[in-house]
Structure formats: structure tokens, C-alpha cells
Amino acid sequence: MNYTFEAIGVIRSPYREKFGIPRQPSLVSAARVTLELLPPYNHPDCVRGLADFSHVWVHFVFHETLARGWQPLVRPPRLGGNAKVGVFASRSTHRPNPLGLSLVELISIQTDHGVTLELAGADLLDGTPVLDIKPYIPFVEARPDARGGFVDGPPPQLNVAWSDHARRQLAELAPPPRFAELVEQVLAQDPRPAYQDDPLRIYGVMLYCYNVRFAVDGENALVLEIQRQNQN
Ligand code: SAH
């Protein structure tokens, strides 16, 4: 059976590439993301009553990776990148139908020009097509006693420090509000691939138009430099 779906909205996000995006929503609360509804869904009637909910489910397409297809077994980063689990036991982006599902906090809804939702803590790439939005209903969906399989509990975090150079750049570049907090929360998640542990290696994470260069030694990440890139 085949079904065709149309995007009802598009995500605008500080995450401009996959590397560095947290592996689940809510891990990086400083990430401010907007969801712009597309015509004909950008009418205030479509979101009437939604602002009374604090959280929403966002159904989206893993548009950046859909060309890569899927495998029955995947290696979740949480298991160190070696052990395999079934695709349906994972939140891998490589699925038979490349559909993502994120529970995010709804900060506000703007209905002056079309409809835009402001969301916090999303794990979504800039430009992600959104297929649906549903309110989160805590009394049926909050299950604190549920078993979390191989992802029981939050991942270990890195300590994040700034070099003097990076701290000066932060003051000079005047990046968007909460940029430093965003950098700290993103790096604390340890974006490196599971099998890499080289203190001399320098990584770069793109946030907005800034390439944030950093290195990791043991449990400590150090922000080395912030490079402004020539994109929006
Ligand atoms: N909460 C979602 C996503 C889990 S996978 C779910 O469970 O379905 C999380 C990863 O999705 C992020 O680390 C990011 O690299 C990736 N991602 C986010 N938006 C994407 C997109 N539009 N296309 C491909 N991958 C995306």
C-alpha cells in the first residue's frame, strides 16, 4: 500500500548540519526552533486551542538521510556503536519509512503573519519538513514507570570550558541570544562518533552561521574557536 503525504510545515533551526544535533529532543533546551506552517495550513483556525498545551508531538521526515535507505539491524550510538539492535527497536534515522517523531516544548504560537510555532529543545535540522503536529496528553502519555530498554537514563555529559580566544570571539561576534548556552549544552552531549577518542582531534559543529571548533580530552570539552561562515 502506498500513501502520499504533504508537508504541513517546515522547521527553522540553529542546527545547519546533522553533526552536533542532540540524539533526542529535550537534551538541549537552549535550542530555539520555529515551525512555520505552510499554506493552506497556516490559518489560525488550524491551531485554535493548541496554545493551552505545553508540549507537542512533531511528526517529520528525515529528509537529509532518506536517500540512504534502511537496514534491519542498526548500531545505536548509545551502545558504543558496536552492538546491533533491530531498526524497530531503535530511533535510527535509517528506517523503511523515514519518519521522525519528537516531543518538544511549545513556547508560543504567532498568528499575525501565517502561523509560526516557537519550540524549545528540538532535535531537528534546519529545513526539516513536518507532516503533522499533535498535542501531548500527559495523563495518557506520561509513563514514568516504563522500561527504557538500552536507553534507560540520560547519557553521560562532558564538562564544557571556553578558551580565552573563544570567549573573546563570543563578545565580538554578538551571536543570537543564548548562543553560549546552546554551545555548552550541545557539546555536553558529546557529539563525537562513539568510536572516537583522540584529544588532539579538532571537531567543528555548525550552529546558526558559526562553526564552533572544539576538542575533547577525557570528560572535558574545550571550545577553541568560533568561525563565522558565509551563509545566512
Ligand atoms: N526524536 C526523533 C529523532 C531521533 S534521531 C525520533 O525519535 O524520531 C535524532 C537525530 O536525527 C539527530 O541527531 C539528527 O542528526 C537527526 N535529524 C534531525 N533532523 C533530521 C532530518 N531532517 N533529516 C535527517 N536526520 C535528521
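Because the structure is predicted, anything quoted here is derived from the model rather than measured. Just so you know, ligand 1 is whichever comes first in the structure, and atom 1 is the first atom listed for that ligand.
- When only interatomic distances are considered, the shortest N/O to N/O separation between Pro22 and ligand 1 falls below 3.5 Å.
- When each atom of ligand 1 is checked for a heavy atom of Thr128 under 4.0 Å away, the hits are 19 (N), 21 (C), 22 (N).
- Of all atoms in ligand 1, listed by their number and element, those nearer than 4.0 Å to a heavy atom of His63 are 21 (C), 22 (N), 23 (N).
- Using a 4.0 Å cut-off between charged nitrogen and carboxylate oxygen, Arg23 and Asp123 do not count as a salt-bridge pair.
- Looking only at heavy atoms of the protein, atom 15 (O) of ligand 1 is closest to Lys18 NZ, 3.3 Å.
- Counting only heavy atoms from C-beta outward, the side chains of Leu173 and Tyr210 approach each other to under 4.5 Å.
- Counting heavy atoms closer than 4.0 Å to ligand 1, residue Leu66 contributes nothing at all.
- Screening Val56, Leu103, Leu106, Val104 against Tyr136 for a side-chain contact (heavy atoms from CB on, under 4.5 Å) leaves a single residue, Leu103.
- Taking only nitrogen or oxygen atoms, main chain and side chain alike, Arg23 does not reach within less than 3.5 Å of ligand 1.
- Leu125 N, 3.3 Å is the protein heavy atom nearest to atom 19 (N) of ligand 1.
- Here the side chain of Ser92 pairs a donor or acceptor atom with the backbone of His94 at under 3.5 angstrom.
- Using modelled atom types, one finds a donor on one side chain and an acceptor on the other under 3.5 Å when comparing Glu6 with Tyr41.
- The nearest protein atom to atom 5 (S) of ligand 1, hydrogens excluded, is given as Arg91 O, 3.4 Å; this is a heavy-atom distance.
- Atom 1 (N) of ligand 1 has its closest protein heavy atom at Asp123 OD2, 2.8 Å.
- Residues Asp45 and Arg48 are paired through a salt bridge, judged by an N-O separation under 4.0 Å between the basic side chain and the carboxylate.
- Remark: ligand 1 and Leu124 share no N or O pair separated by less than 3.5 Å (distance only, no angle test).
- For atom 6 (C) of ligand 1, the closest non-hydrogen atom of the protein is Leu101 O, 3.1 Å.
- Looking only at protein heavy atoms, the nearest one to atom 26 (C) of ligand 1 is Phe62 CD2, 3.6 Å.
- Taking atom 11 (O) of ligand 1 as the reference point, the nearest protein heavy-atom neighbour is Thr93 CG2, 3.5 Å.
- Closest to atom 24 (C) of ligand 1 among all protein heavy atoms lies Thr65 OG1, 3.4 Å.
- Short contacts between ligand 1 and Ser102, defined as distances under 4.0 Å to a heavy atom of the residue, involve ligand atoms 1 (N), 2 (C).
- Between Asp198 and Arg192 there is no salt bridge, since no side-chain N of the basic residue sits under 4.0 Å from a carboxylate O of the acidic one.
- One side chain, Glu118 or Ser108, offers a donor N or O that lies under 3.5 Å from an acceptor on the other.
- Ser90 places a side-chain N or O within 3.5 Å of a backbone atom of Val87 that can act as its donor or acceptor partner.
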